[in-house]
2 protein chains.
Amino acid sequence: MNETGTTEVSQATGKPLSARGLATRARLLESAELVFVELGYHEASIVRITERAGVGLGTFYLYFDSKQSIFEALVLDLNARVRQAMSQAMVGATSRLEAERRGFEGFFAFTAEHPALYRVVREAELVSPQAMREHYARIVEGYREGLRQAQRDGEIAADLDPEVTAWALMGVGELIGMRYVLWERDAQGRAPRSIDPQVLDAAMRFVDGALRSSRRPPHDHDTKEAS
Amino acid sequence: MNETGTTEVSQATGKPLSARGLATRARLLESAELVFVELGYHEASIVRITERAGVGLGTFYLYFDSKQSIFEALVLDLNARVRQAMSQAMVGATSRLEAERRGFEGFFAFTAEHPALYRVVREAELVSPQAMREHYARIVEGYREGLRQAQRDGEIAADLDPEVTAWALMGVGELIGMRYVLWERDAQGRAPRSIDPQVLDAAMRFVDGALRSSRRPPHDHDTKEAS
DNA sequence: CAGCAACCTGAATCACCTTTCAGGTTTGGA
DNA sequence: TCCAAACCTGAAAGGTGATTCAGGTTGCTG
């Protein structure tokens, strides 16, 4: 929550922090998540957000500069939460590959519970490109470091580029999540608790192969290979 | 253009086709692509689209039911074009892995030239989820069949699930394209003609590994493995 | 060149929205 | 208990835009 240091300060009125105000701000953010997911940025109206939050219309502007401002706050909030969910899920993994699987599981579970992640981040492309890039960049950052470490430990192929690989892995997660978690929910009306284990297995088979032996003609040499 | 068979008919007024009208419709679609890319769905207005197309406001409704309707037509049009670009690029490949690389190249080149692809498809999530799914589903379909064939030919690992793998590969392309093609354009102001070859190499190292040996512990057993 | 389709036009209608603001309410400390 | 600071409120100002419609224009046919 305190990720950006803005939590204790109203973006709108300056700096005066709060007591009751803090709760109101939180209620607005929470309501915004629901409303934005349901209606999208443009269809969502401030009135709807405040109504759902149970506060007056004017109250909104005590905590946020504008509609765009609360949207950006929501992107950052979701970003912090999904990263938290992923690293939480990875705790206790005994290998990079296991960590990878658990990270994916955490991501899919979060997706199942917070469809806002996709909706909001995708809309951010137009509403606030800067916030969207920030979102992806932060995820990649941690990812890349994990991969670097795994390379040092000899757990994954040495000839992979950690940065590009991180983006690739994020892409795998994004589309698999969209197709097999997000889209499943509409099929029946009910959302899956998380992902179909068989799909996860299939996805991890792909990922394991990619990380383990990114280049390995039949024999079994050293993995170093300049291109 | 004739993908859906709607080209010769006005969605709005019924069926009467056209002569001069056909050109007007095409001009509207073209203008819509430009305007939607520049402003996004909601900021774009019908007036802007008609002005850029050089026709009167009312004319719009002779050819499209609504703003949403022209947006959907645009999604389908882009989808047909990107798939065409990809399969065109794959012509002449002598192996699945080479086809894979060329397909990616084709996709990245198209992305560089038509940022509309990302913008419009991402917005479709809210504007017309149905059109968005259609877009992804059509791409995956061809992909999946290509993978199946490659499995039959023993070119890629047999234990991969073609469908899940297709989504995974599409994810790799989507995020790598976003980061290294789309985002590069803003850095300097000028768009790259396509992707940095080093990045493409790195990405293909990842993909090759994933497809070639999806599971290969030091020894060399059967690949079957229940979870 | 009359006449009739097929086309085109843009002011007006209708429906909302974001943001402001003048003033009311609540809370906590002295 | 009292009061200032912190909160809250919702009507109204100032906008925007999709869609309709009554009527004008174009161009082909005979």
>> From CG of B:Leu62 over to C1' of C:dG10, roughly how many Å is that when rounded to an integer?
In response: 13 Å

>> Please enumerate all residues that pass side chain to side chain contact (heavy atoms under 4.5 Å, CB included) together with B:Ala112, with sequence neighbours excluded.
In response: B:Val181

>> I'd like to know if the side chain of A:Arg119 and the backbone of A:Val37 have a donor-acceptor N/O pair within less than 3.5 Å.
In response: yes

>> Tell me whether B:Gln198 at atom CD has more than 12 heavy atoms from other residues, nucleotides or ligands lying less than 6.0 Å away.
In response: no

> To the nearest 10 degrees, how far apart in direction are the end axes of the helix from C:dC1-D:dG30 to C:dA30-D:dT1, each fit to five base pairs?
Replying inline: 10°

> Reckon B:Thr24 has a side-chain N or O less than 4.0 Å from the OP1 or OP2 of C:dC7?
Replying inline: no

>> For A:Val164, run the side chain to side chain contact (heavy atoms under 4.5 Å, CB included) check against B:Val172, B:Val199, B:Asp196 and tell me which one passes.
In response: B:Val199

> Could you give all pairs that pass the side-chain hydrogen bond (donor to acceptor under 3.5 Å, both in side chains) test and reach residues 43-60 of chain B, with sequence neighbours left out?
Replying inline: B:Glu38-B:Arg52

> Closer than 4.0 Å, any side-chain N/O of A:Thr59 to the OP1 or OP2 of D:dT9?
Replying inline: yes

> Atom CG of B:Leu28 and atom C1' of C:dC8: how far apart are they, to the nearest Å?
Replying inline: 12 Å

>> A:Glu145: which residues meet the salt bridge (Lys or Arg N to Asp or Glu O under 4.0 Å) condition with it, sequence neighbours left out?
In response: A:Arg148

> Does A:Glu105 have any salt bridge (Lys or Arg N to Asp or Glu O under 4.0 Å) partners at least two apart in sequence or in another chain, and if so, which?
Replying inline: none

> Which letter, B, S or -, goes with each nucleotide of nucleotides 17-30 of chain D from 5' to 3', with contact meaning a protein heavy atom under 4.0 Å?
Replying inline: -SBB----------

> Rounding to a whole Å, what distance do you find between A:Leu22:CG and D:dC8:C1'?
Replying inline: 16 Å

> When the distance from CZ of A:Arg25 to P of D:dA6 is rounded to whole Å, what number comes out?
Replying inline: 18 Å

> For the side chain of B:Thr111 and the backbone of B:Gly177, is there at least one donor-acceptor N/O pair under 3.5 Å apart?
Replying inline: no

